[in-house]
Peer 1: 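Below is the structure I would like to discuss, written out as structure tokens.
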Amino acid sequence: MECERSVRNGRDIGGNEMTLRVRFAPSPTGYLHIGGARTALFDWLFAKKNGGKFILRIEDTDTQRSTRESEESIIKDLKWCGISWDEGPETEGIFGPYRQSERVSAGIYEEYVNQLLKSGAAYYAIYELEDAEKILKKTTSKEEADDYREKGHSVTVNFRIPNGKTVFEDMAKGKMEFDNSTFDDLVIVKSNGYPTYNFAVVVDDHLMKISHVIRGEDHLTNTPKQIMIYDAFGWEKPKFMHIPLILGPDRTPLSKRHGGTSVDYFRSRGIIDRAFVNYLALLGWGVEDEIFDPFEKVESFDLYKLSSKPAVFDYAKLEWINGQHMRRMPIEELIEKFKLWMKDEYPKGMNWFEDSAYAEKVMEICRQKVNNLEALRNFVEPFFVEKPVPTQDAQKILDSHYAKSYLLAASDAIEKLDKWSVEEVEKAIRSVAASEDISKKKFFQLLRAALLGQTVTPGLFESIYVLGRERTLARIQCILNQRRASSARE
RNA sequence: GCCCUCAUCGUCUAGCGGUCCAGGACACCGGCCUUUCACGCCGGCGGCUGGGGUUCGAAUCCCCAUGAGGGCGCCA
């Protein structure tokens, strides 16, 4: 592929050294959406693979909807994904500022607007007083426009769509051809003086020396408009690539109806960052081994292999991938991720990890059976609390007439054990079950309820082993005492 | 309405004219393991949107239809 070759060479047509520059340009009007995160990921991977730079630019020219909180949350989510930028807010760089609102204040767009006005590529559109939708007059005279403005008319600067066709090569779709007559003149400066999206992207991408614009397919038909602006200036154009959108299970655009759509939603539900980007990368990308860390696969990453059809977001598969990561990653790393998550979602459990050796053992046996941090927390919790609060099912078992004698027997066997290992615990517990008049299943469930307050737990013998003799005995004793207390009251 | 894009199992995909009566993964179903729930292992179900061409030969190339997605803002 032509464009790929020139990228690999890292030279422009004239043979000069050039750096590949890719940008992600979110507008801070909400949370970082899965689709945005995926685009950012691909932008990042593409830049890094080709030894280029990844730039973050905040497109906040919508003064009504842009908020600083939104920008901050987008930045936070991007960082959580593991995506960092070479230039952008916070890091800055020589092409800054990287917030369009600041570029407006700096007067960056003005001279370019004037240039188009002067060349006749753009004109002032003056609207009727009664109907601000209806153009009263077009003019290129600044004085005239100002006059009307003073009289209360709203005035915009519009770009005149030239005759002919606009053609460009999309890196994914190939040759794209648009008949210019299908477009209306477009507003490039709003009546409040702010540039519009289609205009601001062009001057910023040009000024920031962006070489590749890789973005969602929703921008495909914006591209010819932008190209016309590039041409009006006589600027060199970046390469364009449009990647398919993400849909919900019913093939409509992924929305809140389908469940969470924000990066933060998945974070808070207990999806691990690496698993999340793993899934995002996988969506539309065919690979041999599906479990990987995209950041470690930069070299083998190939944007050209990306599927060209919109992909349905599959929550179930994300969960599976997450579970795989949880089981495969070093336990210390899982613990780190888990603690980070707990800090936000369950701060009262932060003291669980004081005994780190114990915590590690607990996590090791629990991670085998769950696919997200939330479920892990439920599994792990009874190991750390002083006295687990029994679930309804567990309470029913503890209240049964047979509980006391069998608990006593179990306690007795555990007390007598001289070697503390999973095998020994298992042997002892099994022999009690065999000698007593109770089914294994019932007996094991009773122990689960007594020790962990739940009927669904990690392996029983492992659990007992990890809890340790003291804790095990104490917990059984505690249940026994409770029973005594309640029967005494009756 | 007009313009653009896309089209393989339920979902994500492999396939780029013969090696495909279409391969993998998730989900689903069944079995094994088994103390619960899972994990894990084994097996099964399941697809080339339709119609025309091109060709000795088409999932693969071309046309049309259909369907899906996007766009047509002083939103980005």
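Labels below follow one simple rule: chain letters A, B, ... track the order of the sequence lines, proteins then strands, and each chain is numbered from 1.
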Peer 1: Pick the closest RNA chain B nucleotide for D184(A) and for S307(A) by heavy atoms, then say which residue is nearer the 5' end.
Peer 2: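 Final value for this comparison: S307(A).
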Peer 1: Quick one: the side chain of S27(A) and the base of C75(B), do they pair up donor-acceptor inside 3.5 Å?
Peer 2: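 Flag unset: no donor-acceptor pair detected.
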Peer 1: Return the set of residues passing side chain to side chain contact (heavy atoms under 4.5 Å, CB included) with A172(A) (not counting sequence neighbours), or none when no residue passes.
Peer 2: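 Partners of A172(A) by the side chain to side chain contact (heavy atoms under 4.5 Å, CB included) criterion, ordered by chain and then number, come out as D170(A), M241(A).
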Peer 1: Just to be sure I understand the rule, does H242(A) reach a base, reach only the sugar-phosphate, or reach nothing, if contact means heavy atoms closer than 4.0 Å?
Peer 2: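 If one applies the 4.0 Å heavy-atom cut-off, H242(A) turns out to touch nothing in the nucleic acid.
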Peer 1: R57(A) CZ to A76(B) P: how many Å, rounded?
Peer 2: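 Computing the R57(A):CZ to A76(B):P distance gives 13 Å.
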Peer 1: Under the rule for side chain to side chain contact (heavy atoms under 4.5 Å, CB included), what residues qualify as partners of T196(A), not counting sequence neighbours?
Peer 2: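 With neighbours one apart ignored, the set is V187(A), I188(A), K190(A), F199(A).
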Peer 1: List in chain and number order the residues that pass salt bridge (charged side-chain N to carboxylate O under 4.0 Å, His left out) with D146(A), two or more places apart in sequence or in another chain; answer none if no residue qualifies.
Peer 2: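 For D146(A), the residues satisfying salt bridge (charged side-chain N to carboxylate O under 4.0 Å, His left out) (neighbours in sequence not counted) are K142(A), R149(A).
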Peer 1: Could you tell me which residues satisfy salt bridge (charged side-chain N to carboxylate O under 4.0 Å, His left out) with E102(A), sequence neighbours excluded, listed by chain and number?
Peer 2: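 For E102(A), the residues satisfying salt bridge (charged side-chain N to carboxylate O under 4.0 Å, His left out) (neighbours in sequence not counted) are R99(A).
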Peer 1: Name every residue in residues 442-456 of chain A that has at least one heavy atom under 4.0 Å from any atom of RNA chain B, in order of residue number, or write none if there are no such residues.
Peer 2: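 F444(A), Q445(A), R448(A), T455(A), V456(A) - these, ordered by number, are the residues of the stretch whose heavy atoms sit under 4.0 Å from the strand.
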Peer 1: For K237(A), enumerate each residue passing the side chain to side chain contact (heavy atoms under 4.5 Å, CB included) test, keeping only those at least two apart in sequence or located in another chain.
Peer 2: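 Listed in chain order: I227(A), Y230(A), D231(A).
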Peer 1: If you go through the side-chain atoms of N222(A), does one of them form a donor-acceptor pair with the base of A76(B) closer than 3.5 Å?
Peer 2: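 Side chain to base: pair present.
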Peer 1: Should the side chain of T182(A) and the base of C3(B) be counted as holding a donor-acceptor pair, with the cut-off at 3.5 Å?
Peer 2: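 No pair found.
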Peer 1: All N/O contacts under 3.5 Å from nucleotides 58-61 of chain B to the protein, with atom names and distances to one decimal?
Peer 2:
none

Peer 1: Answer with base, sugar-phosphate or nothing: what part of the nucleic acid does L245(A) contact at a heavy-atom distance below 4.0 Å?
Peer 2: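 Sugar-phosphate, no base atom in range.
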Peer 1: For a quick check, tell me whether the side chain of K369(A) and the base of U36(B) share a donor-acceptor pair closer than 3.5 Å.
Peer 2: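 Side chain to base: pair present.
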Peer 1: Who pairs with D147(A) by salt bridge (charged side-chain N to carboxylate O under 4.0 Å, His left out), at least two apart in sequence or on another chain?
Peer 2: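 For D147(A) there are no salt bridge (charged side-chain N to carboxylate O under 4.0 Å, His left out) partners, ignoring immediate neighbours.
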Peer 1: The criterion is side chain to side chain contact (heavy atoms under 4.5 Å, CB included); which residues satisfy it with P382(A), sequence neighbours excluded?
Peer 2: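 In terms of side chain to side chain contact (heavy atoms under 4.5 Å, CB included), with neighbours along the sequence ignored, P382(A) is linked to P388(A), L452(A), Q454(A).
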Peer 1: Does anything in residues 313-323 of chain A come within less than 4.0 Å of RNA chain B? Heavy atoms only, and list the residues if so.
Peer 2: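 Within residues 313-323 of chain A, the residues near RNA chain B are D314(A), A316(A), K317(A), W320(A).
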Peer 1: Give every residue pair that meets the salt bridge (Lys or Arg N to Asp or Glu O under 4.0 Å) criterion with at least one member in residues 429-452 of chain A, sequence neighbours excluded.
Peer 2: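 As it turns out, the salt bridge (Lys or Arg N to Asp or Glu O under 4.0 Å) pairs with a partner in residues 429-452 of chain A, which skip direct neighbours, are E426(A)-R430(A).
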Peer 1: Could you go over nucleotides 4-7 of chain B and give all protein N or O partners under 3.5 Å, atom names and distances?
Peer 2:
from	atom 1	to	atom 2	distance (Å)
U5(B)	O2'	K173(A)	NZ	3.0

